[in-house]
Amino acid sequence: MRIEEVADGVHLVRGSAVNWVLVVDGAAVTLIDGGYPGDADAVGASLAALGRGPGDVVAALVTHAHVDHVGGLAPLVARHGIPVLTGPVEARHARREFLEQAGPADVARNAWRPRVLAWAVHAARLGALREVALPTTSGVAHAAPLDLPGRPVPVATPGHTSGHTAYLLPGAGVLVSGDVLVTGHPTSRHHGPQRLPAFFDHARGSLAPLAGLDAGVLLPGHGPAWHGTPAEAVTQVSRREG
Ligand SMILES: [Zn+2]
């Protein structure tokens, strides 16, 4: 686990396979995503490294309800009664009223691809095959700032999942892009802004909702922080995909 403060109070935590974000304002913390089930202790350790604890987390925001983003959250939420928020469609996904996630069969079909098998073994060790739900998740409106540390603005970014929601932190100039736009992944040999391999996506969405956002730092669900505007990142993806 590595923690990098990319803007005042905004910390990117890089777990062994997925990222989460801690936004600190005084004692209070907004947690965005929370790793695989096997990352639960690391999420707690990341809070401790900033001198905070689970009791300081006033809300957990979810970009999308895949097991690598909510698995480590579930025990914290259950134990400490932390409210979980995301866009209205993704809230239903988090409550597991439906499931849009690549399963073992999708991974097996793609295991011939370089790096996919090694990634799948590591992911399985982190609990990728466990069933996780966040039954208390509430849906919030898109485009309106939330009264939480960082004043995060949920941005509808459907594609990777139907209800995928990115978060803009306007004061810090940071965009938390989840998995619609990443900067690296164990199954990819590319560095820099890119989309995940298509088999991870429920549908290929448009990156247009990101392009107009005012930010200078991108914090993706996978890969390192990237410095530049969302528009520049989207341009790089388009160029790469030709
Ligand atoms: Zn992910």
Side-chain angles (χ1 to χ4, degrees), residues 1-2 12-22 31-40 42-43 46 60-74 84 86-87 89-91 93-94 96 98-104 106-107 110 113 115-134 137 154-167 175-205 207 210 218-226 233 237:
M1 177 186 75
R2 273 171 296 162
L12 176 68
V13 187
R14 301 198 61 203
S16 66
V18 63
N19 303 334
W20 57 93
V21 175
L22 298 170
L31 170 62
I32 308 179
D33 287 349
Y36 278 100
D39 288 321
V43 173
S46 66
L61 303 180
V62 168
T63 61
H64 66 294
H66 282 164
V67 65
D68 55 328
H69 296 256
V70 298
L73 268 182
V84 184
T86 183
V89 173
E90 202 58 25
H93 192 204
R96 287 299 183 257
F98 60 90
L99 181 63
E100 295 176 342
Q101 178 163 291
D106 305 287
V107 174
N110 286 278
R113 294 175 193 269
R115 304 162 188 254
V116 169
L117 193 56
W119 162 81
V121 169
H122 181 61
R125 278 203 199 105
L126 288 167
L129 300 174
R130 265 186 250 165
E131 283 182 24
V132 178
L134 293 169
T137 306
V155 181
T157 43
H160 183 65
T161 60
S162 300
H164 190 288
T165 300
Y167 297 94
L175 173 64
V176 180
S177 62
D179 279 7
V180 287
L181 187 55
V182 301
T183 59
H185 190 266
T187 62
S188 167
R189 64 191 167 82
H190 301 299
H191 300 280
Q194 59 191 284
R195 294 204 272 192
L196 286 171
F199 74 93
F200 288 115
D201 284 353
H202 180 69
R204 267 312 200 205
L207 295 176
L210 299 179
L218 188 85
L219 301 184
H222 302 272
W226 187 81
V237 175

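Atoms within each ligand, like the ligands themselves, are counted from 1 in listed order.
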TODO: Please find the N/O/S atom of D68 nearest to the Zn ion (ligand 1) and write down its name.
DONE: OD2
TODO: Determine whether P154 and T86 make a side-chain contact, defined as any pair of heavy atoms from C-beta on separated by less than 4.5 Å.
DONE: no
Open item on the list: Just checking: H66, one of its N/O/S atoms, less than 2.8 Å away from the Zn ion (ligand 1), yes or no?
Closed with: no
Open item on the list: With heavy-atom distances below 4.5 Å as the criterion, would you say the side chains of L73 and L134 are in contact?
Closed with: yes
Open item on the list: Checking one value in my table: which N/O/S atom of D179 lies closest to the Zn ion (ligand 1)?
Closed with: OD2
Open item on the list: I want to check something: taking the side chain as every heavy atom from C-beta on, are T183 and L218 in contact at a cut-off of under 4.5 Å?
Closed with: yes
Open item on the list: Counting the benzene-type ring for Trp, do H64 and H93 have ring centres under 6.0 Å apart?
Closed with: no
TODO: Measuring from the Zn ion (ligand 1), name the closest N, O or S atom belonging to H222.
DONE: NE2
Task: Contact check: H64 to the Zn ion (ligand 1), N/O/S below 2.8 Å - done: no
Open item on the list: So, taking the atom named CG in N19 and the one named CZ in R2, what distance separates them when rounded to the nearest 0.5 Å?
Closed with: 9.0 Å
